[in-house]
Amino acid sequence: MPYAEVCVNSPAASRPAFSYSIPANLDIQAGQAVWVPFGRQILQGIVIETGQIPGYPETRDIAGIIDAVPVLSAASLKLGKWLAGYYRCPLFQALGLMLPPGFERRSIGLLYPAENTTGSASLSLGDDERHLLDRLNRCGLLHLKDIEKMLGVRRAQRAVSSLVNLDLARRQFELEPARVKPRQETFVELNISDRLYRETIDKLTKKAPRQAAVLEYLFSQSGPIPWRQIHQATSASTAVRNDLAEKGLILASRQQVNRRPIPEAETRAETPLAPTGPQAHALKNICQSLNSNLGQVFLLHGVTGSGKTEVYLQALAEAIRLGKRAIVLVPEISLTPQTIERFTARFPNQVAVLHSRLSLGEQFDQWQEVRQGNYNVVIGPRSALFAPVPDLGLVVIDEEHEWSYKQDTSPRYHARQVAVEMCRLHRATLVLGSATPDVESYYRASRGEYRLLSLPERLAPRIAPALPEVEVVDLREELKSGNRSIFSRALQNELAGTLSRKEQAILFLNRRGGATFIQCRSCGHVLGCRRCGVSLSYHFEEEKLVCHHCNHRQAVPRVCPECSSNKIKYLGAGTQTVAAEVAELFPGARVIRWDSDTTRQRNGHRDFLHAFREGRADIIIGTQMIARGLDFPGVSLVGVINADTGLNLPDFRAGERTFSLLSQVAGRAGRGHAPGKVIIQSYYPGHYAIQAAARHDYPAFYTRELAYRRELHHPPFSKLIRLTFAHTSDEFCQREAFRLKAELEQQRDCRGIAGISLVGPAPAFLHRLRGRYRWNIHIKGSQPVRLLEVVDLPGRWRVDVDPLGLE
Ligand code: ADP
Ligand code: ZN
Ligand code: ZN
């Protein structure tokens, strides 16, 4: 077939694919990665399809193939097209999600002096041009990047163009070197018969003892041995190896080896547990879908500790039994060694892990091995959904309500949404699990789009009460009765009791840092970041104010910048403040602070958790990180210092978020011997999200939340697309936002697209971020995307389909 439609890796590509002709000597298939000429550059491209007639009449030749084997399957190409359409992103970006780690390579621009620059002295050149030409002639070659660094982008482009136009310099593009390659190692094996071996050893032992040592080592082993291993055993140098190879006594070869993040020997095998009634019911349904390729979507709803993971494990076993493979997604935060171990223990040597904390080399090798079918299960965060798993039969998304499944850079996909589409393409079964399902997922289940499976009760491993008792404390009452501590009297009493019984407690905060913001007692001024317009956090240890958006740091002022009063006071509570107050009230208590400040080191949190689990601390104080996926048998008390922090956010999902966070926190207590108690402190104790979380009552929360969503026509009763524009000038930003809104309205009305409303423009929640102002427009309706299909959105507008949270 002489023509190929190729999706080109260039931000300048104006179309999803371009037509190229296939030179006679190349064998090209759909899904293959190729080099193509694009403008003056040679770029990477993915062949979308091949055919007899080009989509566009003028074609250039494909320059070469990157890999003989297609890098993307037909299903992946389809999924890529769906992603680009649904999330309104360039096709290459969508396909990029499915390419091997480190695949994408940019071309780098280089500037060379022209062969003959005599006479340039007589030309009247600007200062930049003159300076650049001198430098170029001295160096013989400059990177365009470095020139841009030297002069700034605009001046650099101007100077380079004028030198090129005057034929004083020549621009050329080359590909940057590959960032990752298969790892090659030298392997060595004996190349002499057993009979000759003795003779040789005798000869060598005196003359060349090191060579003899290597031969003896090889003789004691079988097959080709990595040279690294021989070197470790005999400390022989490469020179020794070369001598032996030259004499023909050994054969050395380069072989590809795989970097594996889970060492094989470490896993211990474990057998399935006999399912309880509800587990058996859930499994029966899931296995039916697996066996008959029904490709159903299940929502597995069960509180923490109700046995969801056991259901995943047995469903995986069934998929593997049927010769299929599976993907398990977990939120990044719970991708802990314990989680991975639960899966590897059940399926030894069959589990691959794919996540960004692995080295690029490890990611690359795991990806290749997954594609070769060496693993039955792939586990990882949202990106693992795009692993090249052959014969995909099952996808599991644990904690499906978690927001980390939504990517916050383009393509802004949600792994759940993509998984639904992906499973449809593969006729694979999808299991979504959660203790607090996303309201939209539960709504779909209630309408029969998903099958709802419930695990109604908690499986207490050792006879323990079903779920902890939860008490909501009204902080307004505390203040009225003169208690100025951040701990209510109830929480103080419970803490004292817990400590005296030698049990453990978790104190939970929705923030990090010290006293979170600083407010002037005289005039009420709150110190904020000048670039981002959000309040600055006080960090005790450095005695600095820190912006949590742009990382701006400054000293704490002595007097209020507004009114010059010296009554600048620390307000709010962070983990440090709570730790300080615990130390004052309970001097003997051993405390661990667990937040992103103290656990930044690679193994930071593992060490903390280990110490706590072993009982080497009495109280752990932490931020939202401790709310998820962790299991501490010794904990009998959980205190939520302030439940309201999230409720006041101007986001229609604030209630859902607070409910799910509080439910998860409450699920931390009472998993072991001791009965659990949870204390939630709040200034709005009557709020339905707090009340429902306190009673472990998902249906009550869901009913109220859904009524509110229906009334205000929020998702799931509508779909949203958020458009964001950013600019250093607030005024310009605002003007552009209003201009676009007018255009959108006009297009909607003159094309008669019904059922779409435009919300805003409004300044974004983080109105100023990294020195730029941001304005949002929301398109709301049953099919808001229809409007974007007919409007040419300027490239600087950012599109977020199904946005989550505030921007
Ligand atoms: P979840 O994933 O819902 O939090 P898990 O699957 O982790 O729940 O189960 C909670 C605890 O109960 C675990 O310690 C697990 O080993 C145990 N468990 C789960 N299913 C069973 C079962 N059928 N029989 C006995 N113990 C079980
Ligand atoms: Zn003041
Ligand atoms: Zn800032």
Side-chain angles (χ1 to χ4, degrees), residues 267-287 298-318 326 328-331 333-347 351 377 379 394-402 405 430-438 441-442 445 452-468 506 609 613 625-635 638 660-676 678 693 696 698:
T267 50
R268 59 186 168 77
E270 189 201 70
T271 49
L273 304 163
T276 61
Q279 281 175 327
H281 173 78
L283 280 164
K284 197 182 110 217
N285 281 281
I286 296 169
C287 292
F298 296 96
L299 177 61
L300 184 62
H301 176 211
V303 293
T304 335
S306 61
K308 294 186 296 296
T309 308
E310 187 61 34
V311 172
Y312 307 152
L313 289 168
Q314 299 199 21
L316 289 169
E318 177 69 2
V328 178
L329 299 188
V330 296
I333 198 109
S334 56
L335 198 64
T336 57
Q338 295 113 282
T339 313
I340 296 170
E341 207 181 294
R342 277 192 83 179
F343 289 85
T344 52
R346 198 61 69 83
F347 308 106
V351 180
V377 179
I379 178 165
L394 174 66
V395 176
V396 172
I397 304 185
D398 188 30
E399 312 278 5
E400 63 88 36
H401 63 278
E402 279 284 339
Y405 287 124
L430 176 60
V431 177
L432 309 170
S434 174
T436 53
D438 191 293
S441 299
Y442 205 82
L452 184 64
L453 302 169
S454 295
L455 301 179
E457 70 234 20
R458 191 176 220 192
L459 290 164
R462 297 157 218 108
I463 315 108
L467 277 166
I506 294 177
L609 295 181
R613 195 181 299 274
M625 288 197 292
I626 50 170
R628 298 164 190 164
L630 303 170
D631 189 350
F632 299 113
V635 169
V638 173
S660 115
L661 211 55
L662 291 179
S663 305
Q664 306 251 328
V665 173
R668 294 294 103 222
R671 300 201 69 179
H673 294 283
V678 176
H696 307 287
Y698 182 84

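Indexing begins at 1, ligand by ligand and atom by atom, following the structure's order.
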Which of the numbered atoms in ligand 1 are below 4.0 angstrom from a heavy atom of [X]?
X    : value
E310 : 6 (O), 19 (C), 20 (N)
R342 : 5 (P), 6 (O), 7 (O)
T276 : 23 (N)
A274 : 22 (C), 23 (N), 24 (N)
K308 : 1 (P), 2 (O), 3 (O), 6 (O), 8 (O)

Location of contacts on A435 toward ligand 1, heavy atoms closer than 4.0 Å: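 The answer is neither.
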
Proximity to ligand 1 by part of P275, non-hydrogen separation under 4.0 Å: backbone

Between [X] and [Y], is any pair of side-chain heavy atoms under 4.5 Å apart?
X    : Y    : answer
H301 : E400 : no
V328 : D398 : no
V303 : Y698 : no

Donor on one side chain, acceptor on other, Q314 and E318, under 3.5 Å: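 No, E318 and Q314 have no side-chain donor paired with an acceptor closer than 3.5 Å.
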
Between CD on residue Q664 and OG1 on residue T436, distance to nearest 0.5 Å: 5.0 Å

Nearest neighbour of atom 8 (O) of ligand 1 from the list A280, G307, G433, on a heavy-atom basis: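 Nearest option to atom 8 (O) of ligand 1, by heavy atoms: G307.
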
Option set T339, V303, L273, criterion heavy-atom distance to atom 26 (N) of ligand 1, minimum: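 Considering heavy atoms of T339, V303, L273, the nearest to atom 26 (N) of ligand 1 sits in L273.
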
Distance-minimising heavy-atom pair for F298 and N285: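 Scanning both residues, the minimum pair turns out to be CZ-O, 3.4 Å.
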
Given P331, S660, S441, the one that forms side-chain contact (heavy atoms from CB on, under 4.5 Å) with H401: S660

